[in-house]
Amino acid sequence: MAQNRTFTMIKPDATADGHTGAIIKLIEEAGFRIVALKKTLLTKELAGKFYAVHAERPFYNDLCAYMSSGPIVPIILEKDNAVADFRKLIGATNPANAEEGTIRKLFAKSMEANAIHGSDSDENAEIESNFFFAQTEQY
Ligand code: CMP
């Protein structure tokens with residue numbers, strides 16, 4: 001498989017609980033190379049834009065409030081088969097269904113406060129990466 005990229009974001013529950021370093025360690029140990037990384041805060045409006053695809057879902061407003069409740073750490077990652085391998089590493093959206101050893105099994109608190117995001121396709125990985133990082137910040 002060719003090298004490709006995915007996008008991830010460590011969510012407010014995980015940054016508040018001091019799990020940022022532990023999560024990045026697991027990501028690097030799984031073979032992902034960090035292309036871009038920063039710590040930042042989303043406004044509710046920006047969270048709404050990022051998750052616009054979920055605008056009609058019943059959890060959208062709560063999700064936007066939660067995602068703007070504290071700092072997040074957006075990261076671009078590179079690896080062969082990056083999108084699929086990363087989703088395996090983080091586990092199911094609902095931590096109750098996440099496999100042992102996955103990042104969500106280890107750190108997620110609930111379906112909403114589920115510690116980390118992972119892009120679901122190459123196309124969305126690129127859109128989400130460009131949402132947070134200029135091309136000149138992607139090394
Ligand atoms: P994420 O992978 O970042 O994508 C959308 C987010 O919405 C998801 O993780 C969860 O944090 C949140 N969410 C809250 N409720 C639900 C739900 N019922 N189904 C899917 N996602 C949900």
Side-chain angles (χ1 to χ4, degrees):
M1 226 30 213
Q3 289 277 316
N4 63 358
R5 290 181 177 186
T6 192
F7 172 81
T8 184
M9 183 164 52
I10 302 175
K11 298 189 179 184
D13 58 299
T15 63
D17 292 346
H19 296 316
T20 303
I23 290 173
I24 290 172
K25 186 166 187 280
L26 287 171
I27 292 171
E28 288 195 307
E29 283 173 353
F32 291 86
R33 185 181 78 79
I34 293 171
V35 174
L37 178 152
K38 65 184 168 191
K39 187 172 188 179
T40 187
L41 194 62
L42 285 174
T43 60
K44 203 172 172 196
E45 190 191 359
L46 279 172
K49 278 189 187 156
F50 183 85
Y51 280 115
V53 64
H54 295 305
E56 304 305 319
R57 307 285 289 275
F59 57 82
Y60 179 70
N61 274 337
D62 283 350
L63 176 63
C64 295
Y66 161 66
M67 287 303 299
S68 56
S69 67
I72 54 147
V73 176
I75 310 172
I76 303 175
L77 297 167
E78 193 169 71
K79 185 185 175 297
D80 58 294
N81 203 31
V83 168
D85 284 2
F86 193 74
R87 284 174 75 82
K88 212 176 287 174
L89 177 67
I90 66 177
T93 304
N94 184 346
N97 302 326
E99 279 185 42
E100 287 299 328
T102 60
I103 291 174
R104 283 175 172 155
K105 183 70 176 184
L106 288 165
F107 300 113
K109 291 176 168 163
S110 66
M111 175 87 106
E112 180 175 86
N114 64 354
I116 192 159
H117 167 79
S119 302
D120 63 4
S121 66
D122 287 355
E123 188 191 4
N124 282 337
E126 191 174 353
I127 293 168
E128 292 170 359
S129 295
N130 294 338
F131 185 93
F132 283 99
F133 298 99
Q135 290 296 321
T136 50
E137 295 174 308
Q138 302 183 22
Y139 302 112

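In listed order, ligands and their atoms are each counted from 1. The first residue in the sequence is number 1, and the count goes up from there. Worth saying up front: this structure is predicted, and the values here are computed from it rather than measured.
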**Prompt:** Will you find, in the side chains of Lys109 and Asn114, an N or O donor that is under 3.5 Å from an N or O acceptor?
**Reply:**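 The answer is no; no qualifying pair exists.
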**Message:** Which label fits His117 and Phe50: parallel for a plane angle under 30°, tilted from 30 to 60°, or perpendicular past 60°?
**Reply:**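 Taking Phe50 first and then His117, their aromatic rings stand perpendicular (interplane angle over 60°).
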**Message:** If you take the nearest heavy atom of each of Leu63, Thr8, Thr93, which one is closest to atom 6 (C) of ligand 1?
**Reply:**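 The residue whose heavy atom sits nearest atom 6 (C) of ligand 1 is Leu63.
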Nearest neighbour in protein (non-hydrogen) for [atom]:
{"atom": "atom 9 (O) of ligand 1", "value": "Lys11 NZ, 3.1 Å"}
{"atom": "atom 21 (N) of ligand 1", "value": "Phe59 CZ, 3.6 Å"}
{"atom": "atom 4 (O) of ligand 1", "value": "Tyr51 CE2, 3.6 Å"}
{"atom": "atom 10 (C) of ligand 1", "value": "Met111 O, 3.1 Å"}

**Contacts of type ring-ring contact (aromatic ring centres under 6.0 Å, His included), residue Phe32, not counting sequence neighbours** =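 Counting only residues at least two positions away or on another chain, Phe32 forms a ring-ring contact (aromatic ring centres under 6.0 Å, His included) with Phe86.
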**Request:** Answer with side chain, backbone, both or neither: which part of Arg104 has a heavy atom less than 4.0 angstrom from an atom of ligand 1?
**Result:**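 Near ligand 1, Arg104 shows its side chain, while the N, CA, C and O stay back.
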**Request:** Please could you name the atoms of ligand 1 that His117 approaches to less than 4.0 Å, counting only its heavy atoms?
**Result:**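 Taking each heavy atom of His117 in turn, ligand 1 has 1 (P), 2 (O), 3 (O) under 4.0 Å.
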**Request:** Please identify which atoms of ligand 1 are closer than 4.0 Å to at least one heavy atom of Glu112.
**Result:**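 Contacts of ligand 1 toward Glu112, numbered from 1: 11 (O).
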**Asked** Does Lys38 make a cation-pi contact with Phe133, if we ask for NZ or CZ under 6.0 Å from the ring centre and within 45° of the axis?
**Response**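 Yes.
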**Request:** Measure the NZ-OG1 distance between Lys11 and Thr20 for me, rounded to the nearest 0.5 Å.
**Result:**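 Answer rounded to 0.5 Å: 14.0 Å.
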**Message:** Quick check on Glu126: does its CD atom have over 12 non-hydrogen neighbours (other residues, nucleotides or ligands) under 6.0 Å away?
**Reply:**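 Atom CD in Glu126 is not crowded, with 12 or fewer foreign heavy atoms closer than 6.0 Å.
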